[in-house]
Protein chains: 2
Amino acid sequence: MGTIYDLAKITGFSITTVSKALNNYKDVSEKTRAKILQAAAEMDYLPNAHAQSLSTKKSWAIGVMFSEANEVGMKHPFFNGIIESFRHATEEHGYDLIFASRNLRNRDMSYLEHFKHRAVDGIVVICSDRMDEQVQELMQSDIPIVVVDMDSANCSVVYSDNTEGARMAVNYLYELGHRHIAHIAGDSSIDAGAARVKGYELAMQTLDLPIHPGYLVNAGFFSVEEGKQAMEKLLQLASPPTAVFVAGDQMAIGAIEAVHEHGLRVPEDISIIGYDDIEMIKYITPKLTTIRQDTDEIGEAAAELLIEQMTAKERRTERRVIPVTLIERASCAPVKK
Amino acid sequence: MGTIYDLAKITGFSITTVSKALNNYKDVSEKTRAKILQAAAEMDYLPNAHAQSLSTKKSWAIGVMFSEANEVGMKHPFFNGIIESFRHATEEHGYDLIFASRNLRNRDMSYLEHFKHRAVDGIVVICSDRMDEQVQELMQSDIPIVVVDMDSANCSVVYSDNTEGARMAVNYLYELGHRHIAHIAGDSSIDAGAARVKGYELAMQTLDLPIHPGYLVNAGFFSVEEGKQAMEKLLQLASPPTAVFVAGDQMAIGAIEAVHEHGLRVPEDISIIGYDDIEMIKYITPKLTTIRQDTDEIGEAAAELLIEQMTAKERRTERRVIPVTLIERASCAPVKK
DNA sequence: CCTCTTCCCGAAAGCGCTTTCGGTAATTTG
DNA sequence: CAAATTACCGAAAGCGCTTTCGGGAAGAGG
C-alpha cells in the first residue's frame, strides 16, 4: 500500500506537496497534482486514518451507545430501525460508526472514556434509560451528542411526538364508540412511557371520559411478557375496558395473547391499539392497529443534528420532535352494543 | 485530559517511563509506577487510540460488512442476532466494531479500501450474497477475516448445518405421516439456500419419497412476499403437498398467509415448517415450528475464529459448522387421513 | 575493594500525516 | 528593465504514543 513518503520518492516531490495534492490544496499545479494522483492510483495508496486523525484532530467517527437493556442490543425491533437510518444518513457525509466495547485491554472503562480514547467526533445515544449513569455522563460531556427517544434540556434530542400519538390513539378508539378505554403504560422512568400516559390522560380528560380505577396499568419495560401480565390485570377488573391503548407493540402482542387465553377475541370483544409499528405486527393475528413512529425520519433528524454540531465543532442544544401516524389494521373495531 | 507529556512533566519522569508504567513494563519500579498511575487518574488521562494504533500497528477495531440487501441492514431479523452475539464476544477481548461507510470525503471507495484506510485488525462479513464484488474483494485480501453464513475454501467461515437442518425438517414431517412434502427454497446463489435444497433432496431420497413435479419451488431471497407467491404456486398444483418445508421463517410467514387466503388452515390442512427461528414467529398464528439456527453460537464462533487470526496476525482458514435444532410449535400436524 | 549483574530510567527515532512559513522562479506591472 | 506580484514547492515542526538501546546506580560475588 505504501505511505506518503513512497509517493514522494516515486514522484520526486516532497511529502508536503504530495499531501497537498492529495488534499486539493490550490498551491500545487495541475500538472504535478496529476502526476501524484496517478502514482497514488498505481500503487493503491490509501491514507492512514489514524495518522490523519492524529494530526487533524478529526476522526470521522461517531460513537454509538446502544440499548443494553435485557441483552437485546441490536436486536431491538424499534431501535435498530433508527440506527440503520442514522447510519445511512451519516454515511453520506463520510462518517463511520463505532460500537465501543467497555473494556480497554484489562481495565474496563465507561463509554465516555472509551469515546474519548477513540477520539470520536460525536456521539449518538439510543437508549431509553435516562437513569443510566453512563448516559448521564455522556450527556454532560463536551463532545457533540444527540440523544434519541429521550428528552433533555442540555443536549440535542430527537423523539416522536408521544403525547400527540397517545391522543390520536385514544381519539381513534373514542370514535369507534369506545368509552371504557384503558392504558397499558410503559414505565415512566422512560420518557416515552411517561409522555404517552400524559397524552392518554389529556385525551381522556378532553373527551370528558373518566379513567376508571385500575385502567391505567404500568407494565414496566415494554416486553411481551409484561404486556401480557398487564392485560391479565385489566381482565380481572369488575368492569373491564372495551378498548385498550398499549404503549408499545411488543406489549400489545402480549396483551392480545392474554385476551385470547381468556377466551375472548380481538377486536370483537376488545379493541387493542399499539405503538411503534414494528415489523412483526403485520403478521400476527389480528394485524395490529398502531401508532407508527417514523424510524427513518428519527434517524435522519438525529444525524442532521449531530453533523451540524460536528462540523461547527461545538455542542448545541436543539430539540426535534417527529410526528407520528395512525396505522389502521385489524385489531380495533366499533364497540359492540 | 492531557497527554503523556503532561504526565511526564507532572511526575518528573520521562515520557518513556510514563509509557512503560502505563503499559505494565517490568523495568519500572513499583514506586514510580504507582506515582504515575495516580497522576494519570487525577488528571483523567486517557491514551489516544490513534496515536497508539499509529505506533503499534494495531487498532483494536474490527470492520463489519453487513447485508445491504433491500435496505434492511441492521434490521435483518436473523443477521442482527448474529452481529449482536459477535459484538459481545469480541468486546470481551477489547475490540470495537466499526461500520464503515463507503464514502471517504468526496471520493467513494470499496469496503476493503475503507477498512485498509481505517487499518482494522480484522473483518467480519455478514452478507449472504457471494456474488457481491465487494465481498469477493474482502475474501481475497490478506486481512484476517471471517465470513458468516457462506462457504469458502480460502477464508474462515462459520455457518449452520443447513443440510442436516433440512433433513431434520423433512424427517419430522415424514414421521407425522406426510408423504407429499414440498420445499419452498431460497435462491441457490445463496449458500444457505442451496444447502437446504440439497438436504431436502437427500432426505427425500433416503426416505424413498418422490419429489413430485412442482414440489421444489425457488422463492428467491427469503422475503415474506416471495414465500407467499411460492405457496400460491404449490396450491395451484393438481395434487398439492400436505406439508411444506420452507427455507426461511419470513418466507414461511408468507406461505401461511397464502394458505389462509385460500381458505385452508395450518396445520390442519397443510403443515408448514420454517427455518431460522426468528423472534416474531412465536407470535404469529399458528406459532411456527421451525429449525432453529443458533445465532449466539454462530456469532461466538465467528468471533473466536477472527480473534485467533488477529492475535496470530496471520490469515487462517477454518470452517465451523454449527448444529441446528428443531423447535416444535404449532404449525405442523399429523397428516389427515 | 573491584568486577559483574541486576534494576531503573531516558534519549531518540519512528509511526504517517498536516500545515505553517518561507523561498525561489515565473509573471505582471509601471 | 526594475519592481512588485503571483504561482509553486519544500523544510520542519508537530500530532501522541511505543520501543530499542544504552547508561548509571545499586547490589551481589569474589
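Everything numeric here is computed off the predicted structure, so don't read it as measured data. In what follows, chains are A, B, ... by sequence order, proteins preceding strands, each numbered from 1.
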Euclidean distance, atom [atom1] of residue [X] to atom [atom2] of [N] [Å, nearest integer]:
X: B:M1; N: D:dC15; atom1: CE; atom2: P; answer: 14 Å
X: B:H117; N: C:dC17; atom1: NE2; atom2: P; answer: 10 Å
X: A:I4; N: D:dG10; atom1: CD1; atom2: C1'; answer: 13 Å
X: B:R33; N: C:dC9; atom1: CZ; atom2: C1'; answer: 13 Å
X: B:Y25; N: D:dC17; atom1: OH; atom2: P; answer: 15 Å
X: B:K26; N: C:dT6; atom1: NZ; atom2: P; answer: 16 Å
X: B:I36; N: C:dG10; atom1: CD1; atom2: P; answer: 8 Å
X: B:H50; N: D:dG14; atom1: NE2; atom2: C1'; answer: 17 Å

Mind checking if [X] touches a base, just sugar-phosphate, or nothing, with heavy atoms under 4.0 Å?
X: B:K20; value: base
X: A:F13; value: sugar-phosphate
X: A:N48; value: sugar-phosphate
X: A:T16; value: base
X: A:S53; value: nothing

Nearest-nucleotide comparison on DNA chain C, the residue closer to the 5′ end among B:T32 and B:Y5: B:T32
Return yes when atom NZ of B:K9 has more than 12 non-hydrogen atoms of other residues, nucleotides or ligands closer than 6.0 Å, and no otherwise. no
Would you say B:E133 has more than 12 foreign heavy atoms packed within less than 6.0 Å of its CD? no
Any side-chain N or O of [X] less than 4.0 Å from the OP1 or OP2 oxygen of [N]?
X: B:T56; N: D:dC17; value: no
X: A:S55; N: C:dC17; value: no
X: B:Q52; N: D:dT18; value: yes
X: B:S29; N: C:dC7; value: no

For the NE2 atom of B:H88 and the CE atom of A:M74, what is their distance to the nearest 0.5 Å? 9.5 Å
CD1 on A:I62 to CD1 on A:I143, rounded to 0.5 Å: 12.5 Å
Using rotation axes that map the C1' atoms of four end pairs onto the next four (five pairs an end), what angle separates the end axes of the helix from C:dC1-D:dG30 to C:dG30-D:dC1, to 10°? 40°
If you check every side-chain atom of [X], which of [options] has the closest atom?
X: B:T3; options: C:dG16, C:dC8, D:dG16; answer: D:dG16
X: A:Y45; options: C:dT18, C:dC17, D:dG16; answer: C:dC17
X: B:S19; options: C:dG16, D:dT19, C:dC8; answer: D:dT19
X: B:T17; options: C:dC9, D:dG16, C:dC17; answer: C:dC9
X: A:L54; options: D:dG16, C:dG10, D:dC17; answer: D:dG16
X: A:P47; options: C:dC17, C:dC15, D:dG10; answer: C:dC17
X: B:K57; options: D:dC9, C:dC9, C:dG16; answer: C:dG16

Fit a plane to each ring of A:Y111 and A:F115, take the angle between them on a 0 to 90° scale, and name the class: parallel (under 30°), tilted (30 to 60°) or perpendicular (over 60°). tilted
B:V125 vs B:I145 side-chain heavy atoms within contact, under 4.5 Å: yes
Is any side-chain heavy atom of B:L37 closer than 4.5 Å to one of B:L22? yes
Got a salt bridge between A:E113 and A:K116, using NZ or NE/NH1/NH2 to carboxylate O under 4.0 Å? no
Whichever of A:I15 and A:E30 has its nearest DNA chain D nucleotide further upstream toward 5': A:E30
Tell me whether the side-chain N or O atoms of B:D27 pair up with the base of C:dC9 as donor and acceptor below 3.5 Å, since no angle test is needed here. yes
For B:W60 and B:Q52, run side-chain contact (heavy atoms from CB on, under 4.5 Å): C-alpha distance rounded to whole Å, both residues' side-chain angles, the deciding distance at 0.1 Å, then the answer. CA-CA 10 Å; B:W60 293 99; B:Q52 283 187 154; 5.9 Å; no
